[in-house]
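Note sheet for the following structure.
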Amino acid sequence: MSTEVRFVKNKKSEIPGFIIERTAKRMKQFYQKMLKEADTGITVDQWIILQTIHKDNGLSQYEIANQTFKDAPTVTRIIDLLVNKELIERVADTSDRRKFNICLTNKGEQKIEEVLPIVMDFRKTGWKGINLEDLNHMMRTLNAIFDNLEE
C-alpha cells in the first residue's frame with residue numbers, strides 16, 4: 001500500500017501543511033490575546049520557556065533551546081527578558097564555570113500558578129467538541145510527521 005498523498009484540488013485550505021501552519025498561528029494569536037487580557041505580563045514564547053524550566057528546573061540555555069525547538073539567540077533574548085522580570089535567574093554551574101543553569105525564582109513560581117488557569121481555559125476552548133480519541137489520534141499523527149522529518 002502506498003503512503004503517497006495526492007491532492008486533486010489545489011486549494012491552500014485543503015493542503016495539510018497549510019492547515020497545520022494556519023492552526024498553529026491561530027492558536028498562538030488566541031493564546032497571546034488571553035495572556036494579554038489577563039494582564040500576565042508575559043508572552044506565549046516567554047510562557048513556553050517558563051513552563052519548560054518549571055518542568056525541569058536548572059536546565060542550561062542549550063537544553064532549553066533543544067526542548068522548546070527555538071534557536072539559541074531567541075532563547076537567550078527570552079531568558080534575558082525573564083531575568084529582568086525576576087521570574088528566573090542564571091545560576092553558575094558548579095561543575096563548569098562557563099555554563100549557567102536557569103532556575104525559576106519564587107516570583108517565577110507565582111507566575112506559573114497565575115498562568116496555569118489561563119492555559120487550562122485555552123485548552124478547554126481550543127479542544128471544545130473534540131473527543132479524547134480524536135485528540136490522541138491527532139497527536140499521534142503530528143508526532144509521526146515530526147519524526148519523519150527528523151534531521
Side-chain angles (χ1 to χ4, degrees), residues 5 7 11-128 130 132 134-151:
V5 178
F7 302 98
K11 290 175 145 180
K12 280 186 182 178
S13 63
E14 295 174 356
I15 300 171
F18 177 79
I19 293 169
I20 292 168
E21 177 72 14
R22 176 186 74 177
T23 303
K25 283 183 179 181
R26 167 95 29 107
M27 288 174 67
K28 189 171 182 178
Q29 290 167 347
F30 188 87
Y31 189 33
Q32 185 59 53
K33 180 181 174 210
M34 290 180 77
L35 290 173
K36 187 174 183 174
E37 287 175 355
D39 198 27
T40 63
I42 63 169
T43 65
V44 172
D45 289 326
Q46 291 169 10
W47 169 253
I48 290 167
I49 300 296
L50 280 175
Q51 185 180 34
T52 301
I53 297 165
H54 177 70
K55 288 180 181 176
D56 197 359
N57 207 22
L59 293 172
S60 69
Q61 288 186 206
Y62 174 78
E63 292 166 324
I64 293 168
N66 281 341
Q67 287 189 24
T68 60
F69 300 96
K70 295 186 180 300
D71 60 62
T74 299
V75 169
T76 299
R77 182 179 49 77
I78 294 169
I79 286 173
D80 288 343
L81 290 167
L82 293 173
V83 166
N84 288 338
K85 294 178 182 187
E86 301 177 349
L87 299 175
I88 61 174
E89 61 186 348
R90 289 181 173 98
V91 178
D93 189 288
T94 55
S95 62
D96 185 347
R97 295 182 320 174
R98 300 166 296 173
K99 182 178 161 188
F100 288 93
N101 299 316
I102 311 302
C103 300
L104 280 178
T105 62
N106 288 337
K107 193 172 174 180
E109 289 286 351
Q110 292 170 358
K111 185 61 69 176
I112 293 286
E113 295 302 316
E114 173 191 344
V115 175
L116 275 175
I118 299 164
V119 172
M120 300 313 290
D121 286 346
F122 170 74
R123 290 177 183 164
K124 185 177 178 182
T125 301
W127 308 155
K128 182 175 57 184
I130 301 172
L132 186 58
D134 287 343
L135 189 60
N136 285 332
H137 180 74
M138 177 191 67
M139 291 188 323
R140 281 191 308 275
T141 301
L142 291 173
N143 280 324
I145 294 167
F146 181 86
D147 292 343
N148 289 341
L149 301 174
E150 184 177 355
E151 295 178 4

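Note that the numbering runs from 1 along the sequence shown for the chain.
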Check: Could you walk me through whether D45 and K70 pass the side-chain contact (heavy atoms from CB on, under 4.5 Å) check?
Finding: CA-CA 9 Å; D45 289 326; K70 295 186 180 300; 2.9 Å; yes

Item checked: K99 and Q61: CA distance, side-chain angles, deciding distance, side-chain hydrogen bond (donor to acceptor under 3.5 Å, both in side chains) verdict -> CA-CA 9 Å; K99 182 178 161 188; Q61 288 186 206; over 6 Å; no

Next item on the list: Carefully, step by step, assess T43 and Q32 under the rule side-chain hydrogen bond (donor to acceptor under 3.5 Å, both in side chains).
Entry: CA-CA 6 Å; T43 65; Q32 185 59 53; 4.7 Å; no

Item checked: M34 and V115: CA distance, side-chain angles, deciding distance, side-chain contact (heavy atoms from CB on, under 4.5 Å) verdict -> CA-CA 10 Å; M34 290 180 77; V115 175; over 6 Å; no

Note to self: side-chain contact (heavy atoms from CB on, under 4.5 Å), that's the test. Do L59 and I102 meet it? Break it down for me.
What the structure shows: CA-CA 5 Å; L59 293 172; I102 311 302; 5.7 Å; no

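More than 12 heavy atoms of other residues, nucleotides or ligands shown are found within 6.0 angstrom of CG on N136.
Going from atom CG of N148 over to atom CG of N143 covers 10.5 Å, rounded to the nearest 0.5 Å. A distance of 12.5 Å separates OG1 in T105 from NZ in K85, rounded to the nearest 0.5 Å. How far CD1 of I64 is from CG of L50: 9.5 Å, rounded to the nearest 0.5 Å. To the nearest 0.5 Å, the span separating CD on Q46 from OG1 on T40 amounts to 8.5 Å. Remark: I79 CD1 to I53 CD1 distance equals 5.5 Å, nearest 0.5 Å. Distance check: F18 CZ to E21 CD gives 8.5 Å after rounding to the nearest 0.5 Å.
Counting only heavy atoms from C-beta outward, the side chains of W127 and L135 approach each other to under 4.5 Å. Residues Q67 and D56 have side chains in contact (heavy-atom distance under 4.5 Å, counting atoms from C-beta outward). In this structure, the side chains of M27 and T23 come closer than 4.5 Å at one or more pairs of heavy atoms. Put simply, the side chain of I118 does not reach to within 4.5 Å of the side chain of W47, judged on heavy atoms. Annotation: side chain of L142 is not in contact with side chain of F146 (no heavy-atom distance under 4.5 Å). Residues K107 and I88 fail the side-chain proximity criterion, which asks for heavy atoms closer than 4.5 Å. Annotation: side chain of Q51 is in contact with side chain of K55 (closest heavy-atom distance under 4.5 Å). When side chains are defined from C-beta on, Q110 does not count as touching L87, because their heavy atoms never get closer than 4.5 Å.
Scanning all heavy atoms of the two residues, the minimum distance from E114 to D39 falls at OE2-O, 4.1 Å. Here the closest heavy-atom approach between residue C103 and residue G58 is recorded as SG-CA, 3.8 Å. Contact between V44 and L35 at its shortest, heavy atoms only, is N-CD1, 3.7 Å.
Put simply, the side chain of E63 gets close to the backbone of S60: a donor and an acceptor are under 3.5 Å apart. Judged by distance alone, the side chain of D93 and the main-chain N or O of R98 form no donor-acceptor pair under 3.5 Å. Remark: side-chain polar atoms of T125 are paired, donor with acceptor, to backbone N or O of D121 under 3.5 angstrom.
Under a 4.0 Å N-O distance rule, the pair D147/R140 does not qualify as a salt bridge.
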